[in-house]
Amino acid sequence: MQVKIGLLLAAVLASGSSFAADAYKVSTSVFKDGELIASPVMLVNAEEMASIAIGTDFEYNLTVKPSNEHTAKVITTVKAGDNLTEHETTVAYDKEATVDNGKDKLTLLVRKIAS
């Protein structure tokens, strides 16, 4: 009887941990024509899209997809005026990465805060 209860408890704990999503703090800096226009910070769950709009001329969406314990893929869609670009960048946690479409630039710093 104790073995069955132990196995049931282990199964419940294992299934509960598979539903817990990784969470990330994503610090960004947005540059337009070389000038810093905003530095938003957001909390993002793994595999969920987050969006930010800065005025009416600039907005971006990003999704963090964990790769391994040290890196994640960040998928971004950046809209600057009428120009729309999509990027997929592999980032190392706690290291700044840059998404650049010529005159506009977005820097990302991804920190894993929960798993």
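- With values rounded to the nearest 0.5 angstrom, I37 atom CD1 is found 8.0 Å from E35 atom CD.
- If you run side chain to side chain donor-acceptor pair (under 3.5 Å) between Y60 and each of T77, T28, T76, only T28 comes through.
- By the rule that hydrophobic residues join a cluster once side-chain heavy atoms approach within less than 4.5 Å of another member, M42 and F58 end up as members of one cluster.
- The OG1 atom of T90 sits 12.0 Å away from atom NZ of K65, with the distance rounded to the nearest 0.5 Å.
- If you take CD on E88 and OG1 on T63, they are separated by 10.0 Å, rounding to the nearest 0.5 Å.
- Note that CG of D100 is 6.5 Å distant from NZ of K105, once rounded to the nearest 0.5 Å.
- Minimum heavy-atom separation, S39 to L36: OG-CD1, 3.7 Å.
- By the 4.5 Å heavy-atom criterion applied to side chains, V26 and V64 are counted as neighbours.
- Contact annotation: the side chain of I54 never approaches that of K32 to less than 4.5 Å [non-hydrogen atoms, C-beta and beyond].
- A donor-acceptor pair under 3.5 Å is absent between the side-chain atoms of Y93 and the main chain of R111, judged by distance alone.
- Nearest heavy-atom pair across H87 and T85 is NE2-OG1, 3.6 Å.
- Here the straight-line distance linking atom CG of L43 with atom CD of E48 works out to 12.0 Å at 0.5 Å rounding.
- To the nearest 0.5 angstrom, D22 atom CG is 10.0 Å from I113 atom CD1.
- In plain terms, the two heavy atoms of E47 and P66 that are nearest each other are OE2-CD, 3.9 Å.
- Hydrophobic clustering of Ile, Leu, Val, Met, Phe, Trp and Tyr side chains at less than 4.5 Å, counting indirect connections, keeps V41 apart from L62.
- Following chains of ILVMFWY side-chain contacts shorter than 4.5 Å, one can reach L108 starting from I52, so the two form part of one hydrophobic cluster.
- Hydrophobic clustering, with ILVMFWY side chains joined whenever heavy atoms are under 4.5 angstrom apart, keeps V78 apart from M49.
- Heavy atoms of other residues, nucleotides or ligands lying less than 6.0 angstrom from CG of N68 number more than 12.
- In this structure, the side chains of F31 and T107 come closer than 4.5 Å at one or more pairs of heavy atoms.
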